[in-house]
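For the numbers below, each heavy atom of this structure counts, side chains included, while hydrogens, waters and symmetry mates do not. As the structure lists them, so they are numbered: ligands from 1, and atoms in each ligand from 1.
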Amino acid sequence: MNLADACDALAAARRVAVLTGAGVSAESGIPTFRDAQQGLWARFRPEDLASPDAYFRDPALVWEWYAGRYRDVMAATPNAGHDLLTRLEREKEDGFFLATQNVDGLHARAGSGTAGGRLVELHGNLTTARCEVCGQVDALPAPQDFTPPPVCAVCGGRMRPNIVWFGEFLPEAALEAAADAFAAADVALIIGTSGVVYPAAGLAFETLRRGGTVIEINPDQTELTPRLSFSLRETASAGLAALMDAG
Ligand code: APR
């Protein structure tokens, strides 16, 4: 398969499933997950903060880390890659499904999930918090008004970041919907993910197993690359523009 074939396949596809990772938000200035941690957080690995053990050991430290990432995310804006995915959703309507591993909420802010298709956030969303007692999920206050930890408006319980941490299960309904969408997809796009974290990384094989086409967009080769139909060595925005405008 070459780029022209990939463009034709995407243009002809009735059902398109997309999996995104941190690379899609890199162009909005959000460091990818495996970039070195910044500044004072350099001495921590994400795994040392994004886990139930880390939280129950030192909830204030974990909330301090998420509150900082929350401020960064709210100061960021969706980039051309996010906008091109919303355009693709408008073209494919109810045949479009976007599963993101990103917790920055930028796809939702770009309008994904409201242009005729569906958006699921497989690993949660750091602009919301979840009550440890009753499970209530609420949006966090604006960054300038936010002092962690948030308190549940329903029961007064302490709220945790609404993130799927290492060792926790993904939201079952979202994962099931994603697996169904990738199984039914004519074309799947795997964009900006190192493809090392399952079950998200395994979604591509649901499409391949049923004879669908899987196209990767990533400046680097990944563990998935050799098994996919085509891999575009591009950034998310440049790769999507090449696939969509040349189609
Ligand atoms: N456009 C597209 N891809 C990019 C760009 C870009 N501008 N810049 C970097 N990338 C690619 C990198 O080459 C890498 O393959 O994005 C990928 C980012 O990989 P990770 O940092 O591993 O992030 P991700 O794949 O989203 O991690 C998956 O792992 O740590 C857990 O739960 C966490 O959701 C996260 C999951």
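Between Ala26 and ligand 1, no N or O atom pair is found at a separation short of 3.5 Å. The shortest N or O to N or O distance between Gly192 and ligand 1 is below 3.5 Å. An N or O contact shorter than 3.5 Å is missing between Ile217 and ligand 1 by distance. Remark: ligand 1 and Ser194 share an N or O pair separated by less than 3.5 Å (distance only, no angle test). Considering backbone and side-chain atoms alike, His123 places an N or O below 3.5 Å from some N or O of ligand 1.
Against a heavy-atom cut-off of under 4.0 Å, Gln101 is close to the following atoms of ligand 1: 28 (C), 34 (O), 36 (C). Near Gly21, the atoms of ligand 1 lying under 4.0 angstrom from a non-hydrogen atom of the residue are 26 (O). The atoms of ligand 1 that sit less than 4.0 Å from any heavy atom of Thr193 are 15 (O), 17 (C), 24 (P), 25 (O). Set against the non-hydrogen atoms of Glu27, the atoms of ligand 1 under 4.0 Å away are 1 (N), 7 (N).
Between Asp186 and Arg15 there is a salt bridge, since a side-chain N of the basic residue sits under 4.0 Å from a carboxylate O of the acidic one. Residues Arg87 and Asp245 are paired through a salt bridge, judged by an N-O separation under 4.0 Å between the basic side chain and the carboxylate. Taking a cutoff of 4.0 Å between a charged side-chain nitrogen and a carboxylate oxygen, Asp72 and Arg69 do not qualify as a salt bridge.
By the side chain to side chain contact (heavy atoms under 4.5 Å, CB included) test, Glu89 pairs with Phe96, Ser112, Ala115, sequence neighbours left out.
Looking at Met1 and Asp8, their side chains never come closer than 4.5 Å, going by heavy atoms from C-beta outward. Leu122 places a side-chain heavy atom less than 4.5 Å from the side chain of Leu203.
Counting heavy atoms under 4.0 Å from ligand 1, residue Val197 touches it through the side chain alone.
Thr222 and Thr225 are linked by a side-chain donor-acceptor pair at a separation below 3.5 angstrom, with hydrogens and angles left out of the test.
Scanning Thr32, Asn218, Asp220 for the heavy atom closest to atom 14 (C) of ligand 1 points to Asn218.
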Just list the side-chain donor-acceptor pairs under 3.5 Å for residues 150-165, sequence neighbours left out, or say none.
{"unit_1": "Arg158", "atom_1": "NE", "unit_2": "Tyr55", "atom_2": "OH", "d": "3.3"}
{"unit_1": "Arg158", "atom_1": "NE", "unit_2": "Glu132", "atom_2": "OE2", "d": "2.6"}
{"unit_1": "Arg158", "atom_1": "NH2", "unit_2": "Glu132", "atom_2": "OE1", "d": "3.1"}
{"unit_1": "Arg158", "atom_1": "NH2", "unit_2": "Glu132", "atom_2": "OE2", "d": "3.3"}
{"unit_1": "Arg160", "atom_1": "NH1", "unit_2": "Glu168", "atom_2": "OE2", "d": "2.8"}
{"unit_1": "Arg160", "atom_1": "NH2", "unit_2": "Ile163", "atom_2": "O", "d": "2.7"}
{"unit_1": "Arg160", "atom_1": "NH2", "unit_2": "Glu168", "atom_2": "OE1", "d": "2.9"}
{"unit_1": "Asn162", "atom_1": "OD1", "unit_2": "Arg130", "atom_2": "NH1", "d": "3.1"}
{"unit_1": "Asn162", "atom_1": "ND2", "unit_2": "Thr128", "atom_2": "OG1", "d": "3.0"}
{"unit_1": "Trp165", "atom_1": "NE1", "unit_2": "Tyr66", "atom_2": "OH", "d": "2.8"}

